[in-house]
Amino acid sequence: MEEVEWTGRPKPEELRVGLISWAGSYLTFEAYKNTVTATAKGLGRKQTWEILVSNEHDAQAVVRLRGLQGLYLLCEADGSLCYGRPRTSHHGCFLLRFHRNGKWTLQCIISGRYLESDGEDVFCNSRVLSAYHMWTPRPALHVHVILYSPVNHCYARADPTMGRVWVDAPVPCLEECGFLLHFQDGCYHLETSAHFFLSHLDRLVPQPSTQTAFHMQVRPGGLVALSDGEGGMLYPQGTRLLLGLGSKPHRGEEWFILQRCPTWVSLRSKTRKFLSIIYDVEVCAASEHITPMSLFQFECDDESPTLQLRAANGCYLAQRRHRTVVANGHPMEADTFFRVHWNCGRIILQSPNGRFLGIIDNGLLMANATIPGPNEEFGIRLANRPFLVLRGRYGYVGTSSEHDLMKCNMDQPDCIHLLPCRQGIYHFQGWSLLVNNILRHLSSLGKICSQLLYRASWEQLAHGAGTQWLLHAIRPKRHPVGRQRRDYQRVYLGVLGQWDATYGNPNPPGETTAQNTTGTSESRSLRISVIQLSLPSLAKHLFRATIHKRPPPRPLCASDSVQNRGLDMGGDQGPRPLQVLSRRGETKWELK
């Protein structure tokens with residue numbers, strides 16, 4: 001495979017940062033008050049700023065800071081700060097200086113005063129530089145990232161077998177190219193997809209520590225450099241480009257472009273052969289095994305039903321003359337956009353001319369069919385996603401140290417591991433239950449905190465209480481195991497559909513029923529499996545679910561069989577469908 005220049009223009013989210021004051025609080029805009037403060041302790045939407053550079057030279061640049069609502073940080077004549085639109089060409093411009101310790105200072109172009117904070121308020125009063133004027137930039141990018149070396153034109157790749165990280169991947173299509181960038185106590189920890197951490201000794205270690213903590217220097221445009229704080233810089237070294245600490249980087253080798261980890265997928269035809277690129281540009285269902293040329297970068301927009309598939313040769317799939325589909329398209333070309341239809345874990349692609357993509361007799365991909373059939377359906381599988389990292393409007397999905405409840409406003413995420421099954425179905429391993437904007441957390445063995453789930457650990461459906469959606473029991477049935485306070489069971493949450501949805505049920509928690517005359521909460525084990533997969537918003541939409549009071553005769557995934565785990569599912573009734581209510585816009589997740 002030829003090496004390609006894979007990285008392109010930085011995306012808007014790659015230019016955004018949070019600014020941390022000397023007191024550890026974030027620069028925050030309060031839109032309803034039209035004020036700017038520094039009281040927030042975490043990085044959220046109000047603490048996110050886009051750095052707009054008008055002129056950059058060496059260690060300084062002239063910039064404007066724009067919030068996510070499109071308004072700017074403005075310095076007034078009396079030194080106060082506000083949030084609005086510039087009145088003149090220099091209004092809101094700051095001279096940004098990059099310091100060797102990774103800190104930033106922002107000096108108002110008009111008044112010459114520095115941006116500072118007293119721990120709560122923010123103002124521009126002093127022209128004499130001090131420690132109170134130092135701000136620590138933190139990239140606001142999703143924590144699942146890839147590192148691209150513009151000098152070597154390659155991406156960082158973890159090698160768990162050798163315990164090293166190399167900068168030798170021309171295309172970031174492997175899961176080993178993805179890293180989790182953890183921010184803690186002002187430092188960063190680089191975690192691989194196999195959950196090892198890069199240390200100062202140039203090796204991968206299983207646990208984070210002071211030896212895995214790196215300081216980061218940030219430049220506008222997504223450029224970052226990592227150091228140990230004692231003069232050592234992290235950069236590729238030697239003929240094999242080993243990523244390690246050194247003191248003499250050449251030609252800017254220490255700088256990396258930080259990007260969000262892209263989604264790569266494989267597509268499989270009815271004949272169980274993978275779509276692959278052959279003879280440079282032709283697309284053919286010929287390979288029985290996954291190769292780098294069988295992987296495609298999945299690019300989509302939540303606001304549009306279309307997608308683009310980028311092949312490992314750096315080009316996009318495009319429809320050409322005679323309805324052929326080849327991999328020689330360009331990013332903004334209209335023929336590279338295909339409408340996607342989801343069908344029970346499979347996808348159907350519709351070309352711009354209205355015809356559907358399918359495999360013809362010689363194995364080539366063509367846009368022939370006017371009505372889709374089995375030849376136009378493709379099985380889809382994530383190629384570089386062993387886990388999910390979910391981010392919503394208010395932060396990441398994760399757990400806190402105080403309790404086992406999984407929250408959606410965390411500064412650091414928890415990884416949700418994926419267990420692939422047949423027909424495009426995935427299971428979330430073990431310990432989370434997703435309902436609207438709430439993820440109910442179960443421990444790694446499936447033990448349930450009864451006080452968080454109304455003490456009815458498995459008898460839970462959704463109950464609408466105003467704008468908050470909770471879980472409660474429906475038609476409970478007595479079960480001996482459920483009466484015990486501690487019962488250990490494993491549960492999987494399957495994935496997912498194409499539309500926003502929540503579960504609804506008219507009976508409130510604790511209501512008496514025919515089977516439960518005392519109104520006490522009862523328990524039985526559940527298996528929740530969702531039978532739709534939507535990659536543009538994986539883990540973002542719940543579409544259809546079925547609760548099984550007893551396991552089906554043969555699970556879709558034999559390795560996940562409840563019988564193999566020796567669990568008594570209980571109950572004597574068949575599957576019972578849940579009512580689905582659409583509440584678009586309330587369950588929105590970013591993943592990677």
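Residues: numbered from 1 along the sequence shown.
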| note | Note: Leu245 and His200 closest approach over all heavy atoms is CD1-O, 3.5 Å
| Is NZ or CZ of Arg45 both nearer than 6.0 Å to the six-membered ring centre of Phe29 and within 45° of the ring axis? | no
| query | Is the distance between the ring centroids of Tyr72 and His91 under 6.0 Å? | reply | no
| said: Working to the nearest 0.5 angstrom, can you tell me the gap between Gln217 CD and Ser227 OG? | reply: 6.0 Å
| field | Salt bridge flag under 4.0 Å for residues Arg157 and Asp168 | value | yes
| message | Contact between His182 and Pro208 at the side-chain level, heavy atoms closer than 4.5 Å - yes or no? | response | no
| query | So do the side chains of Phe296 and Ile277 get within less than 4.5 Å of each other, counting heavy atoms only? | reply | yes
| request: Examine the side chains of Thr28 and Gln47 and answer whether a donor and an acceptor come within less than 3.5 Å of each other. | output: yes
| field | side chain to side chain donor-acceptor pair (under 3.5 Å) between His133 and Thr105, worked out | value | CA-CA 6 Å; His133 303 131; Thr105 55; over 6 Å; no
| said: Can a donor-acceptor pair be found, under 3.5 Å and without considering hydrogens, that links the side chain of Trp264 to the backbone of Pro172? | reply: yes
| note | On a heavy-atom basis, the closest approach of Cys177 and Ile146 is O-CG2, 3.3 Å
| field | Student check: side-chain heavy atoms of Pro292 and Val171 closer than 4.5 Å | value | no
| request: Evaluate the side chain to side chain donor-acceptor pair (under 3.5 Å) criterion for residues Gln308 and Thr336: first the C-alpha distance (whole Å), next the side-chain angles of each, then the deciding distance (0.1 Å), finally the verdict. | output: CA-CA 6 Å; Gln308 289 178 295; Thr336 64; 2.7 Å; yes
| query | Looking at His189 and Ser209, what are the two nearest heavy atoms and their distance? | reply | CE1-O, 3.3 Å
| task | State, yes or no, whether a side-chain contact exists between Tyr114 and Arg97 at a heavy-atom distance under 4.5 Å. | result | yes
| request: Check whether the side chains of Ser276 and Ser294 place a donor and an acceptor atom closer than 3.5 Å, and report yes or no. | output: yes
| message | Tell me whether Arg138 is salt-bridged to Asp411, with the criterion being a basic N under 4.0 Å from an acidic carboxylate O. | response | yes
| field | Ser54-Arg64 side chain donor-acceptor pair, cut-off 3.5 Å | value | no
| Any side-chain heavy atom of Arg203 within less than 4.5 Å of one from Arg164? | yes
| Spatial distance of atom CG (Leu106) from atom CG (Leu95) [nearest 0.5 Å] | 8.5 Å
| query | What distance separates Leu309 CG from Cys315 SG, expressed to the nearest 0.5 Å? | reply | 13.5 Å
| query | Do you see a donor-acceptor pair shorter than 3.5 Å between the side chains of Tyr316 and Glu299? | reply | yes
| query | Just how far is it from atom CD of Glu230 to atom NE2 of His215, taken to the nearest 0.5 Å? | reply | 8.0 Å
| Atom of Thr48, atom of Ala140 and distance for their closest heavy-atom approach | CG2-CB, 3.8 Å
| said: Using 0.5 Å steps for rounding, measure from the OG1 atom of Thr212 to the CG atom of Leu201. | reply: 11.0 Å
| task | May I ask you to decide if Cys154's main-chain N or O and Ser149's side chain share a donor-acceptor pair within less than 3.5 Å? | result | no
| What's the shortest heavy-atom distance between Pro139 and Met216, and which atoms? | CG-SD, 3.8 Å
| Interatomic spacing from CD in Gln60 to CH2 in Trp104 - rounded to 0.5 Å | 14.0 Å
| field | Phe123 atom CZ, neighbour heavy-atom count above 12 within 6.0 Å | value | yes
| Heavy-atom side-chain proximity of Leu181 to Leu190 below 4.5 angstrom | yes
| field | Within 6.0 Å of NE2 in His99, more than 12 heavy atoms from elsewhere | value | yes
| field | Exam field: side chain Asn384 to backbone Pro262, donor-acceptor pair closer than 3.5 Å | value | yes
| said: Using side-chain heavy atoms (C-beta onward) and a distance below 4.5 Å, is Ser25 in contact with Lys41? | reply: yes
| task | If the plane angle is over 60° it's perpendicular, under 30° parallel, otherwise tilted; pick one for Tyr148 and Tyr155. | result | tilted
| request: Return yes if some donor-acceptor pair links the side-chain N/O of Arg385 with the main-chain N/O of Val265 below 3.5 Å, else return no. | output: no
| request: Check Pro236 against Leu243 and note the closest heavy-atom contact, atom names and distance. | output: N-CD1, 4.1 Å
| Is the gap between the ring centers of Tyr396 and His142 under 6.0 Å? | yes
| task | Take atom CD of Glu30 as the centre, draw a 6.0 Å sphere, and report whether it contains more than 12 heavy atoms from other residues, nucleotides or ligands. | result | yes
| Side chain Trp22, main chain Ser117, donor-acceptor under 3.5 Å | yes
| If only atom types and distance count, is the side chain of Gln297 paired as donor or acceptor with the main-chain N or O of Arg310 below 3.5 Å? | no
